[in-house]
Amino acid sequence: MATQSGIIIEGPDKPYTIVNTIPRSSPGPKQALVKCLAVGINPVDPMQQHTGVLVKEWPAIIGSDYAGVVLEVGPDCTKLKPGDHVYGCPAVGQNKFTPFQETFLVEEDVAFKKSDNLSVEETATVGAGLLTAALCLLAGMDLKLSEDGTIAPEKDEWIVVLGGTGTVGQFAVQIAAVCGYKVLASGSPSRSGVAMDNGANMTFNSRATVDEQLAEIKEFTGGNFARIFDATTYGYEVMVKALETCSTATTKYLTSVDDWSPFDTPATIREYRAHTGQLCRHDEPIGAQVTKDAARLIPTLEAHLAAGTLEPVKYEVVDGVGWESVIRGIGALESGQATKKIVVRVQED
Ligand SMILES: NC(=O)c1ccc[n+]([C@@H]2O[C@H](COP(=O)([O-])OP(=O)(O)OC[C@H]3O[C@@H](n4cnc5c(N)ncnc54)[C@H](OP(=O)(O)O)[C@@H]3O)[C@@H](O)[C@H]2O)c1
């Protein structure tokens, strides 16, 4: 059996180990075998190493944002062919599908095909963040993104994005703006420019007290909002109180990247939680729904990325090429040194 290099983790909190003994997979009918060229680092990567969250098998191979080139496709593939550049969020926790190895499998329905206007490194910033934001805003809050990559006419309505400065939050700000909404985003004061660069109209301080944040939301929106998205996991109380006490809408929506804390959302508010980590878990109800929603949304997102109405987020590339650099990239994220999305080049094209 052909083997390849990559990073394995033997169990929760065990170190990252570079090995040369990982079996190489063959694509199923609607799958492609992809050579990993670059990866983006996400908070879930160190979380998986420390706790094993979402890991389905040990030793685990992790990774949550990939950019690569197709080597081989299964007989029923219609979208992808060898030589195509692809990127996206993998089936997190399932070893054959995760990108911290030379090659891995993707399901073609949930892979993004790279357009010529994007570089490989840029696409490594997109998959998990954009898909999560899209699921929350489009599947979870009924926003409509044009199918042809155009920007919707401006609406006289606000959306509030808590954490419009993080990767998921920046994509959420972009999507909301492209859908025509006025966007009020929160962030730490030194990073508010990041949200503005992505299309926010106004920002407020995410580290202020709950009452101070509510006062800002009320003042900027005048109550003219029905939707709040928390892209930080710190914003549940602000979301509920803002919708209950500041919003004048009749139908209200709350969405969150926090899919693990107990929520007790009032019945008057529609709740949606991101479950991007369940992608391609076809035998689990949430996984099947997320995979179906992702497959439906990705062609529209590709059209907007090709048109430049949605853009990769700003990023920094770790020195070097290969698995040692990936491990350094995870360390940089954990230490809080990075101020932008971290991208690591893994192999030459
Ligand atoms: N459930 C899912 O399917 C799913 C999918 C993707 C991500 N996630 C989770 O979503 C979160 C964001 O992911 P990401 O990739 O966007 O991470 P990120 O780029 O590191 O962004 C983190 C965001 O959280 C904000 N933040 C950090 N500490 C805060 C605090 N004490 N109070 C308020 N805001 C705070 C940051 O604000 P500043 O930068 O302005 O300080 C930033 O906006 C992570 O927890 C991740 O694990 C969940």
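First listed ligand is number 1; within each ligand, the first listed atom is number 1.
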Colleague: Inspect the surroundings of CG in D116 and state if more than 12 heavy atoms from other residues, nucleotides or ligands are less than 6.0 Å away.
Modeller: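 It does not: D116 CG has 12 such atoms or fewer within range.
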Colleague: Is A128 near ligand 1, meaning one of its heavy atoms is under 4.0 Å from it?
Modeller: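 No, A128 has no heavy atoms under 4.0 Å from ligand 1.
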Colleague: If you measure every N/O of T233 against every N/O of ligand 1, is any gap under 3.5 Å?
Modeller: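 No, no N or O pair falls under 3.5 Å.
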Colleague: Are Y253 and Y272 an aromatic pair, judged by ring center distance below 6.0 Å?
Modeller: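 No; Y253 has its ring centre 6.0 Å or more from that of Y272.
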Colleague: Would you say the ring centroid of F220 lies under 6.0 angstrom from that of F204?
Modeller: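 Centroid separation for F220 and F204: 6.0 Å or greater.
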Colleague: Nearest to atom 39 (O) of ligand 1, what protein heavy atom do you find, and at what distance?
Modeller: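 Ranked first by proximity to atom 39 (O) of ligand 1 is R191 NE, 2.8 Å.
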Colleague: Where is the tightest heavy-atom contact between I61 and F100, given as atom of each residue plus distance?
Modeller: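 Minimum heavy-atom separation between I61 and F100: CG2-O, 3.7 Å.
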Colleague: Of the protein's non-hydrogen atoms, which lies at the shortest distance from atom 13 (O) of ligand 1, and what is that distance?
Modeller: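 Atom 13 (O) of ligand 1 sits closest to the protein heavy atom V168 CG2, 3.9 Å.
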Colleague: List the closest protein heavy-atom neighbour of atom 26 (N) of ligand 1: residue, atom name, distance to the nearest 0.1 Å.
Modeller: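 Heavy-atom neighbour on the protein nearest atom 26 (N) of ligand 1: R207 NH2, 3.8 Å.
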Colleague: As an exercise, identify every atom of ligand 1 less than 4.0 angstrom from a heavy atom of H275.
Modeller: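 Taking each heavy atom of H275 in turn, ligand 1 has 3 (O) under 4.0 Å.
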Colleague: For the pair Q347 (side chain) and L37 (backbone), establish whether a donor and an acceptor sit closer than 3.5 Å, ignoring hydrogens and angles.
Modeller: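 The answer is no, because no donor-acceptor pair under 3.5 Å joins these two groups.
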Colleague: Could you identify the single nearest non-hydrogen protein atom to atom 12 (C) of ligand 1 and state the distance to 0.1 Å?
Modeller: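 For this ligand atom, the closest protein heavy atom is A231 O, 3.3 Å.
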Colleague: Minimum distance, heavy atoms only, to atom 42 (C) of ligand 1: which one of T165, N42, L162 is it?
Modeller: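 Shortest heavy-atom distance from atom 42 (C) of ligand 1: T165.
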Colleague: Give the residue, atom name and distance (to 0.1 Å) of the protein heavy atom nearest atom 8 (N) of ligand 1.
Modeller: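 Going atom by atom, the protein heavy atom closest to atom 8 (N) of ligand 1 ends up being V257 CB, 3.9 Å.
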Colleague: Just to confirm my output: which protein heavy-atom neighbour is closest to atom 25 (C) of ligand 1, and how far is it?
Modeller: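 Protein heavy atom at minimum distance: T232 CG2, 3.7 Å.
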Colleague: More than 12 non-hydrogen atoms from neighbouring residues, nucleotides or ligands closer than 6.0 Å to CG on D13, yes or no?
Modeller: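 Check passes, neighbour count above 12.
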Colleague: Any chance CD of E154 has more than 12 other-residue heavy atoms, nucleotides or ligands included, within less than 6.0 Å?
Modeller: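 For E154, atom CD is not crowded (no more than 12 foreign heavy atoms under 6.0 Å).
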Colleague: Atoms of ligand 1 less than 4.0 Å from G187 heavy atoms?
Modeller: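 Result: 40 (O).
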Colleague: How far is atom 17 (O) of ligand 1 from its nearest protein heavy atom, and which residue and atom is that?
Modeller: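 Here the closest protein heavy atom is P43 CG, 3.5 Å.
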Colleague: Which atoms of ligand 1 have any heavy atom of T132 under 4.0 Å away?
Modeller: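 Checking each atom against T132, I get 5 (C), 6 (C).
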Colleague: Please determine if S188 has a nitrogen or oxygen closer than 3.5 Å to a nitrogen or oxygen of ligand 1.
Modeller: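 By distance alone, the answer is yes.
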Colleague: Counting only heavy atoms from other residues, nucleotides and ligands, does the tally under 6.0 Å from CD of E324 exceed 12?
Modeller: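 Count not over threshold, so no.
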Colleague: Between E102 and R24, does any NZ, NE, NH1 or NH2 come within less than 4.0 Å of an OD or OE carboxylate oxygen?
Modeller: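 Salt bridge between R24 and E102, a charged N being under 4.0 Å from a carboxylate O: yes.
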Colleague: I want to confirm something. Looking only at heavy atoms, which of A133, G166, A195, S206 is nearest to atom 18 (P) of ligand 1?
Modeller: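 Of the listed residues, G166 has the closest heavy atom.
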Colleague: Determine, for D197 against K314, whether the closest basic-nitrogen to carboxylate-oxygen distance falls under 4.0 angstrom.
Modeller: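 Salt bridge between D197 and K314, a charged N being under 4.0 Å from a carboxylate O: no.
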Colleague: For atom 3 (O) of ligand 1, what's the nearest protein heavy-atom neighbour? Residue, atom name and distance, please.
Modeller: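 Here the closest protein heavy atom is T276 N, 2.8 Å.
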Colleague: Give a yes or no on whether a salt bridge exists between D84 and K114, defined as a side-chain N under 4.0 angstrom from a carboxylate O.
Modeller: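 A salt bridge is absent here (no side-chain N lies under 4.0 Å from a carboxylate O).
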Colleague: Please list, in number order, the atoms of ligand 1 under 4.0 Å from a heavy atom of G163.
Modeller: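 Answer, ordered by atom number: 43 (O).
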Colleague: Please could you name the atoms of ligand 1 that D259 approaches to less than 4.0 Å, counting only its heavy atoms?
Modeller: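 Reading through ligand 1 atom by atom, the close ones are 1 (N).
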